[in-house]
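What follows is one structure encoded as structure tokens, with my remarks underneath.
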Amino acid sequence: MATLVLEDGTTFRGRLFGADVSVSGEVVFQTGMVGYPEALTDPSYHCQLLTLTYPLVGNYGVPKDEGGEFGLSKWFESSKIHAAALIIGELSESPSHWSSVKSLDQWLKEQGVPGIQGIDTRSLTKKIREKGTMLGKLVVDGTPEDNIPFDNPDEKNLVQEVSMKEPKVFNPSGSVRITVVDCGIKYNQIRCLAQRGACVTVVPWDHPLDTAEFDGLFISNGPGDPQFCQATINNMRKVVCVEQPKPVFGICLGHQLLSLAIGAKIYKMKYGNRGHNQPCIHNGTDRCFITSQNHGFAVDPETLPRDWDILFTNANDHTNEGIVHSTKPLFSVQFHPEHMAGPTDLVSLFDVFLDTVKDHKGGKTTNEAASDGQPHLPWKVLILGSGGLSIGQAGEFDYSGSQAIKALREENIQTVLINPNIATVQTSKGLADKVYFLPITPDYVTQVIKNERPDGVLLTFGGQTALNCGVELTKLGVLEKYKVKVLGTPVASIEMTEDRKIFVEKMEEINEHVAPSEAALSVEQALAAAERLGYPVLVRSAFALGGLGSGFANNREELTSLVTSAFAHTSQVLVDKSLKGWKEIEYEVVRDAYDNCVTVCNMENIDPLGIHTGESIVVAPSQTLNDHEYNMLRSTAIKVIRHLGIVGECNIQYALNPESEQYYIIEVNARLSRSSALASKATGYPLAYVAAKLGLGIPLPLLKNSVTNSTTANFEPSLDYCVVKVPRWDLSKFLRVSTKIGSSMKSVGEVMAVGRSFEEAFQKALRMVDENCVACLVLFPCAHQELQTPTDKRIFVLASAFKAGYTVDQLYELTKIDRWFLHKMKNIADHERVLETYNQVSSMPPEVMRKAKQLGFSDKQIALALAVRKLRHDWSILPVVKQIDTVAAEWPAHTNYLYLTYHGIENDLSFGDPHVMVIGSGVYRIGSSVEFDWCAVGCITELRKMGYKTIMVNYNPETVSTDYDMCDRLYFDEISFEVVMDIYERENPEGVILSMGGQLPNNIAMSLHRQQCRILGTSPEFIDSAENRFKFSRMLDTIGISQPQRVLFLQSAVKFCETVGYPCLVRPSYVLSGAAMNVAYGDGDLEKYLSNAVAVSKEHPVVISKFIQEAKEIDVDAVACDGVVITFAVSEHVENAGVHSGDATLVTPPQDLNQKTIERIKLIVHAIGQELQVTGPFNLQLIAKDDQLKVIECNVRVSRSFPFVSKTLGVDLVALATQVIMGQEVEPEHPSLIMSRIPPNHTCPQVPQFSFSRLAGADVVLGVEMTSTGEVACFGEDRYEAYLKAMLSTGFKIPKKNILLSIGSYKSELLPTVQALESLGYDLYASMGTADFYTEHGVKVTAVDWPFEEDDSECPTKEKQRSIMDYLEENHFDLVINLSMRNSGGRRLSSFVTKGYRTRRMAVDYSVPLIIDIKCTKLFVQVSCFVFFCLHCTLLIHVLLFSDSL
């Protein structure tokens, strides 16, 4: 152990590494996230105790000190470590990199330099920032502190100590002679001069200068106070202050020395600028460049002589960054253009210098054209949304679109939004000026453009849907015709990135390489391309999102199958040479119209290439790239984005060879993406907001960093924490789905965890994905196959492998996950074994528990949560609150963006102001998606309107609720009892609102209540009465409300089912989206489903009830106050009961319910609200059959349909519920009053959005467990117009000619419907039985056979008939109507050769529209009749304008 002692008496305890010696010097901090070998060997750090703000150091080890060009060290900046000591958060004990030969610990030992880890470097950085640079000493335990005096480096000539003693020549054959004054030079400065053809003579700091010996003079960087270098200053005056000086270039200390030589003054800065992300504005062009810096002194520009000009100014603190003589070839810069470590954006200054040297008589710096002042802003902008949430295109586009609208409104620009996704925040009242709930198709968008006449359009904020629509509108000439300018990235640039052939050509123009790849327009072309490239190959669809239609092929057969399927979604496929096993790296890049360009975030996929980035665990910043790789890829990103002409934000993905510096560009996404939302939340840099401003032509340097409110947005964030993103899959909800993960995306959501160690963030993230995942190391069967071919459970299989004794090297060979990550996972596994050795938590030593918390273990993982919690408090093992501030504490930040960590000694902020705490909905999953985010955002917005300060707790990077602008304090952390209580104990809020975040907050209600947590709204005891199926059922009996027959005791389940008759419904408690809910048709089903239900709801009862078939299901959303219902809204399902409400088509106002039924519903709602004493929102589900109403369930929280009914009826139920919860008086309102507000002839169906095309093998069936990923809703003058628009919004296409019917047992019922289809002129095809039936009834139907059971061997001479499969493969059908057997209850697992399953699956795989419900079939045919009569007229577009009258 050791102690860091500061001169003000502050001490920091930590663990010693490196040399066992005590030292003293000046304590400084550096905010770079890579480059520790280069920083430590930088002579400018001589006699300084260097603090690195990024907490994880040593990850890529230390390379061999080998010679490179010109005899200079390839990896280091000098011959030894110059820093006196290293201060860090955590040392990597198991580094991983192809160039590494030793660990950082070993290297420091060899060099005699001590290091200290386990330090709260953020706390230390803040102290230096506030008090200024301080002296300090690192005292090893056992050494008397007084024996180590404070050593002040400002009192001695450090340059003399580091400068070489004799002159030395590099590149003697160079064409121009450059003398370099070594004040502490970095090797790369010599390299940059020699590479450009200079003969470089490096001389000591005090060497006399003779102009006859050089063509140009270079003054290097160096340590300490420049006033000690009087000999250098005097020597310089003799060659600078003359009539015709030879060119001079100074860097860092050289800049200060030149300034002193010409008579200017310098001063010591408070704490200096040390990092890789300092923005510098070039005087004259206003261009902003990102620079690397390391200095503690600055030049006072006010003291410059008259004939000297400012060359660069720091955009953050406005200090001088460069000077230039107005006529003579003399200039210098404060920053390091030569990088190592850091960016190379201004390395061209060496070219400027050497060009000047070559012609110094007329030499001058080049001036680039300045930006033309204020841009011309549009007055009205159209924004295209992304439509319904689907796999690959989810809530991240609600966040980005909302940010864009906000940015435009700040510039007083009118906004018009087209988005049929009614659940989104961006479609809410108060954001866009107008919202059109319409399909995002060229036809509808053209109509809106015609009506609204915008002069600008944003295409890059609505995912691939908006992008493709925008490209199509451009090709059709619509944008040109109506004079609509595409803001931001031009369509030509978008097409360059989307068309593979053009993209490859554009990359070749700048000598960059794309993975060997060929574009193909047919199966034959794809096969030929694969032969040339060699198997295995990766197939990808052009103009597609989330890897749709992609996969790996090892041979011709696999390729043919993949490509045939891909062509159903696209006209072009890309055949890539497989680079499976390479690292996948991403950069988010921002560029403005004036060529200012920054990389905001770099991310590393833990999974190797071959797994779609949306399926991979991702970490930010990258952990295993060294400085050269990091900046090589960064420079390439900027070069590529400039060449493509992108304006705004984009994402570039690389494949990086894990054994060398070889890389390929995979692709560029010229739009906001899922990664953009993640990068925004990971760094605190609002990418979408900035991109929208840049699209208007506003220069990036003029935008402020919204976190600090003082520094510029033209910067690259420094992180002092680690971010881990983990995807969530819901594959268990789908029958027969393949659980393999690969190049096509299947995940439905993702989480982001923040910590100051990888293990802490990683374990947090795993619990966020699944709150039932008590331990990272949930054991799964471990097999080579599972490790080599990853599935959605891969991470748990890895945990099992560690338990089974697999080594890191074995797992690397099987998975190609970098060893650094595997070692970190092993740390968790190893410590879990340590925890298992303690029988009782009280016998565990405090240090073991502290380490467990720092490794990310939850209280529940360690032992019984409450016992651990009490011990933690007794031992003061408590988390601290840290800020995400984009600048690693270098600048004061009034940020409200927070997370908890056990790696710290102090909180970043104080607590005291009263707040109201709102718990968000967590990860997007099937059943809990953007609808709940809308509710949470609505709640905090209303609270702020009411004058309350708000706290939001959520961890979903895709959401608007996790935008730090939305609330007063945002905790990006777990929604668990432990973490919510930790926050509650610190903040002591006025209360906690649980009812706005869906099921997850409700699940912890009772635990919080037992700890006397103030829950606002309905009492947790009543929440439990509704969630607990046993209590709720008993309550309904008590108040005399009808419910389906049920049994509450599992022992009597079989007997009950035999009595009432199958089918019966198995329903667990406290679950969302019908998780583990199933219809049992026999004893075998019942046994299996009961065990599943008990597994997901271990602590709560399971109910078995009679499954009522062919009934109507009704949803009621309501708000009550102390049990008195204030208002409610009724929606009816189109489909029969038995289809989960999330998968059903909802219609409001209801079209088929009479007033008598509405009144009976009202009585039931009032009775249940009263009995549960509801205060706030609640949702009821009922079924109606044979004039009877039965209650299925009640959720005392908001539901998925809250945004739908609120926007349709014009009554914000969430705002109302928030007012009620906070005790405001609200008058009860009769539902007829709500209905009276709705315009006449006004209806709105909500239609589910499915993602079956993403889920290989999944059966397309609907049942009691939810499978849809999103929803859309459109308005119409009747249900037909509205339903048509909604169907088109989900990607459905109106059939033109051929329809396949497979009707099952509904033939008679559908006869009028089929006759109507024939009368509309459709060519009908049907399977044999269906065709025979309808032919007998006078309908012309072509019979086609099923191919699945044919046996050609029986009739070898028989000519092979075309089957349903052949027709589907040829895209012959425009629509397939496939109805399962009556009373099958949907989702009933049948064998793989089922004709229905094969037909449904093929329809999805070949992008043929599919209808699988009888009620939807009837409604579709009614709509088709409507289209038949209306399509030839001008189609009226209904727009919902949010105005006070609605």
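Any value given below was found using the heavy atoms of this structure, including those in side chains, with hydrogens, waters and symmetry copies removed. Just so it is clear, the structure is predicted and the values come from calculations on it, not from any experiment. Residue numbers start at 1 and run along the sequence shown.
A donor-acceptor contact shorter than 3.5 Å is absent between the side chain of H207 and the backbone of V181. A distance-only check finds a donor-acceptor pair linking the side chain of K270 to the backbone of E130 [under 3.5 Å]. In this structure, the side chain of R872 engages the main chain of I877 through a donor-acceptor pair within 3.5 Å.
Residues passing the side chain to side chain contact (heavy atoms under 4.5 Å, CB included) test with D120 are R122, S123, R756, K882, I905, E906, sequence neighbours excluded. Under the ring-ring contact (aromatic ring centres under 6.0 Å, His included) criterion, Y54 pairs with no residue, sequence neighbours left out. In terms of the side-chain hydrogen bond (donor to acceptor under 3.5 Å, both in side chains) criterion, H894 has no residue partners (sequence neighbours excluded). For T133, the side-chain hydrogen bond (donor to acceptor under 3.5 Å, both in side chains) test picks out no residue, with sequence neighbours left out. With sequence neighbours excluded, no residue satisfies ring-ring contact (aromatic ring centres under 6.0 Å, His included) with W891. Not counting sequence neighbours, the partners of K102 by the side chain to side chain contact (heavy atoms under 4.5 Å, CB included) test are V62, Q106, W107, E110. Y721 is linked by a ring-ring contact (aromatic ring centres under 6.0 Å, His included) to Y899, counting only residues two or more places apart in sequence or in another chain. For T683, there are no side-chain hydrogen bond (donor to acceptor under 3.5 Å, both in side chains) partners, not counting sequence neighbours. Residues that satisfy the ring-ring contact (aromatic ring centres under 6.0 Å, His included) test with Y45, not counting sequence neighbours, are absent from this structure. Residues that satisfy the side-chain hydrogen bond (donor to acceptor under 3.5 Å, both in side chains) test with E604, not counting sequence neighbours, are T624.
The closest side-chain heavy-atom distance from K156 to C47 is below 4.5 Å. Side-chain contact between R634 and N602 is absent, with no heavy atoms from C-beta onward closer than 4.5 Å. P343 places a side-chain heavy atom less than 4.5 Å from the side chain of S292.
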May I have the list of side-chain donor-acceptor pairs in residues 159-167 shorter than 3.5 Å, sequence neighbours left out?
| from | atom 1 | to | atom 2 | distance (Å) |
| --- | --- | --- | --- | --- |
| E161 | OE1 | H46 | NE2 | 2.7 |
| S163 | OG | D182 | O | 2.6 |
| S163 | OG | W205 | N | 3.0 |
| K165 | NZ | Q160 | O | 2.9 |
| K165 | NZ | S163 | O | 3.3 |

For residues 16-24, which side-chain N or O atoms pair as donor and acceptor with protein atoms under 3.5 Å away, sequence neighbours left out?
| from | atom 1 | to | atom 2 | distance (Å) |
| --- | --- | --- | --- | --- |
| S22 | OG | V140 | N | 3.0 |
| S24 | OG | P149 | O | 2.9 |
| S24 | OG | D151 | N | 3.2 |

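Of all heavy-atom pairs spanning I251 and F335, the tightest one is CG2-O, 3.4 Å. Closest non-hydrogen pair, Y60 versus D627, comes out as OH-N, 4.0 Å. Shown here for W98 and E629, the closest heavy-atom pair between the two residues is NE1-OE2, 3.0 Å. Nearest heavy-atom pair across N221 and G184 is ND2-O, 3.0 Å. When all heavy atoms are compared, the tightest approach of P43 to K186 is CD-CG, 4.3 Å.
Side-chain contact of N188 with E338: a donor-acceptor pair under 3.5 Å is absent, judged by distance alone. Judged by distance alone, the side chains of W820 and S92 do bring a donor and an acceptor atom under 3.5 Å apart. No side-chain donor-acceptor contact under 3.5 Å links S103 and D105. A donor-acceptor contact closer than 3.5 angstrom is absent between the side chains of T807 and D809.
A side chain to side chain contact (heavy atoms under 4.5 Å, CB included) with Y36 holds for exactly one of I88, L50, L86, L104; it is L104.
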Practice problem: Could you walk me through whether M1 and R15 pass the side-chain contact (heavy atoms from CB on, under 4.5 Å) test, one step at a time? | Solution: CA-CA 4 Å; M1 296 294 287; R15 301 185 300 281; 3.7 Å; yes
Quiz prompt | Full working for side chain to side chain donor-acceptor pair (under 3.5 Å) between E26 and Q48 | solution = CA-CA 5 Å; E26 185 179 47; Q48 290 179 330; 2.9 Å; yes
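A distance of 11.5 Å separates CG of L4 from OG1 of T121, quoted to the nearest 0.5 Å.
Side-chain rings of F821 and F762 stay apart, their centers remaining 6.0 Å or farther from each other.
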